[in-house]
Amino acid sequence: MSVHNPDIKRVTTHVIQELKNKGEKISALTAYDYSLARLVDMAGVELILVGDSASNVMAGHETTLPITLDQMIYHATSVVRAVKRALVVVDLPFGSYQGNSSEALRSAIRIMKESGAHAVKMEGGLEVRESIIRVLSAGVPVMGHLGLTPQSIYKFGTYAVRAKEETEAQKLLEDAKMLEDIGCFAVVLEKIPAVLTKQVSQSLTIPTIGIGAGPDADGQILVLHDLLGINKEFKPRFLRRYADLHGIITQAIGHYVDDVKDLAFPTQEEAY
């Protein structure tokens, strides 16, 4: 069971920073709907990301690119309604901020006003610097995202580990420092070598949140549906499944189908 601090009534960006300062690891998970977000929040997770991974796990797309700003706001609104304690961060989707700082600001403000979320996340380093600065200038907290950035998957051409070569590793270090300098409150490090994660985490004063980036990030995040074992096809090395809901759910539904066919459901006791 979670051992989260009951004295923290609401997790804020300040609380996230204090956790790093104290050396306490930060727990983060994705959520996309009211029912599961409520359970995630009750379990004690500090940060809930309404990820554009909803494009994959909720809508069945191959990549995160198809999901729209309106769809992200819908998912974020559902999550915010459920959450009483955790910090809710929402991904700005592909096409809503790259290359146009004014569009980035409009997108971020829509998310904050229409969903009630607490922060946004934006992928990339120097190439999106102006968009991040514009969003921060409006008082919207921003979490960065470096390493494997799924919105750029067609640029990379692969989901392989990023920043293994010295040149890319050095750029990631520089981008991470830049994100801190311009005011991001945290940065996600996805699928990079563990030694680089340790180097980045020690060089920054803001927290790092890792996924497939080893144990030395200041926190960890996973996709909820992967952790729960709902999705059986996705099997990266970094994923630990804490349940097998795929088996439990399919077995339960199969049992229901059998009972309906066999006239075992509903019984007289279940009728009015």
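Residue numbers start at 1 and run along the sequence shown. Note that the structure is a prediction, hence the values are computed from the model and not measured.
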Q: Check whether the ring centres of His225 and Tyr32 lie less than 6.0 Å apart, and answer yes or no.
A: yes
Q) Quick one: does Met72's side chain get under 4.5 Å of Ile67's, heavy atoms only? A) yes
Q. Going by an N to O cut-off under 4.0 Å, is there a salt bridge joining Lys121 and Asp91?
A. yes
Q) Are Gln251 and Tyr256 linked by a side-chain donor-acceptor pair shorter than 3.5 Å? A) no
Q. Are Met143 and Leu204 linked, directly or through other ILVMFWY residues, by side chains that come within less than 4.5 angstrom of each other?
A. yes
Q) Could Lys232 and Asp244 be called an ion pair, given the rule that one side-chain N must be under 4.0 Å from one carboxylate O? A) yes
Q. Distance only, no hydrogens: is a donor on one side chain within 3.5 Å (strictly under) of an acceptor on the other, for Glu130 and Ser101?
A. no
Q) How long is the span from the CD1 atom in Ile230 to the CG atom in Leu36, to the nearest 0.5 Å? A) 6.5 Å
Q.
Is there a continuous path of hydrophobic side-chain contacts, each under 4.5 Å between heavy atoms, that joins Val195 to Val161?
A. no
Q. Under 3.5 Å, is there a donor-acceptor pair linking the side chains of Asp218 and Thr208?
A. yes
Q. Any Lys/Arg nitrogen of Arg106 or Glu103 sitting under 4.0 Å from an Asp/Glu carboxylate oxygen of the other?
A. yes
Q) Are the charged groups of Asp70 and Arg110 less than 4.0 angstrom apart, N to O? A) yes
Q.
Between Lys171 and Glu127, is the salt bridge (charged side-chain N to carboxylate O under 4.0 Å, His left out) condition met? List the steps.
A. CA-CA 12 Å; Lys171 181 182 186 307; Glu127 62 275 14; 3.7 Å; yes
